[in-house]
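Contents: one structure, followed by commentary.
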Amino acid sequence: MKILLFLIFCTSSISLYSQSVMEPVSIKFNRVYYFAPESQLSPTISKVRKISTYVNIDFEFNTIKIVTYYSNPPKESTYTIKSIDNSNSSLYKFVCRASNYAEVIIEVDLSDLTVTRKVTHNGILHKYYNE
């Protein structure tokens, strides 16, 4: 009887674990809107480029990776997720830390299928979308 209870416990634990771990999400975009506010070194920049970008969100490793094909090799940025806000069901807001320890806010908007990345200390913004 103890063996049967142990097997039932193990089976239910494995099933709960597999449901709680979310699979990685990968989204491909074909446009990038770039905005940089005016600074002492440059004027305001606002432009749209036709560039392929992949945004990969991995909940198991707690990371977001953005790969943008500006050139060969592509530019790859990896962010560690510090917190997630899903108070609005169609918007996921990730507060992340970049490899240089800068804070970055990444928003995934399910209503219009866009991803926005904003660097908090300098206001540089990238919005990834499909056209």
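Remember, it's a predicted structure, so these values are computed and weren't measured experimentally. Index from 1, following the sequence.
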Close side-chain approach of Val25 and Asn56, heavy atoms under 4.5 Å
no
Is there side-chain contact between Thr63 and Ile81, with heavy atoms separated by less than 4.5 Å?
no
Would you tell me whether Tyr33 and Ser46 have side-chain atoms, one donor and one acceptor, within less than 3.5 Å of each other?
yes
Within the 4.5 Å heavy-atom criterion, are Lys93 and Ile105 side-chain neighbours or not?
yes
Distance (rounded to the nearest 0.5 Å) between Ser83 OG and Arg97 CZ:
12.5 Å
Residue pair Ile66 / Tyr128, side-chain heavy-atom distance below 4.5 Å:
yes
d(Thr114 OG1, Phe29 CZ) to nearest 0.5 Å is 7.0 Å
Tyr79 and Ser77 have their tightest heavy-atom pair at OH-CB, 3.4 Å
Is a donor from one side chain sitting under 3.5 angstrom from an acceptor on the other, for Ser52 and Asn30?
no
Does any non-hydrogen side-chain atom of Leu113 lie less than 4.5 Å from one of Asn130?
no
Once you round to the nearest 0.5 Å, how far does OG1 of Thr53 lie from OH of Tyr129?
11.0 Å
If I take atom CD1 from residue Ile51 and atom NE2 from residue His126, how far apart are they, to the nearest 0.5 angstrom?
8.5 Å
When rounded to the nearest 0.5 angstrom, what distance separates NZ in Lys127 from NZ in Lys118?
13.0 Å
Is the shortest heavy-atom distance from the side chain of Phe59 to the side chain of Ile84 under 4.5 Å?
yes
Pairs involving residues 100-112, ordered by first then second residue, that meet salt bridge (Lys or Arg N to Asp or Glu O under 4.0 Å) (sequence neighbours left out):
Lys82-Glu103
Determine, stepwise, if the pair Ile106 / Thr116 fulfils side chain to side chain contact (heavy atoms under 4.5 Å, CB included).
CA-CA 6 Å; Ile106 297 174; Thr116 305; over 6 Å; no
If I take atom CD1 from residue Ile64 and atom CZ from residue Arg117, how far apart are they, to the nearest 0.5 angstrom?
10.5 Å
Would you say the side-chain atoms of Tyr70 and Arg49 include a donor-acceptor pair closer than 3.5 Å?
no
Taking a hydrophobic cluster as the set of Ile, Leu, Val, Met, Phe, Trp and Tyr residues connected by side-chain heavy atoms closer than 4.5 Å, whether directly or through intermediates, do Val95 and Ile57 fall within one such cluster?
no
If only atom types and distance count, is the side chain of Ser90 paired as donor or acceptor with the main-chain N or O of Leu110 below 3.5 Å?
no
Which residue pairs satisfy the ring pair (Phe, Tyr, Trp, His ring centres under 6.0 Å) criterion with at least one member in residues 89-115, sequence neighbours excluded?
none
Mind checking what makes side-chain contact (heavy atoms from CB on, under 4.5 Å) contact with Ile45, not counting sequence neighbours?
Tyr34, Ala36, Lys47
For Gly123 and Pro37, work out which heavy atoms get closest and say how close.
O-CD, 3.6 Å
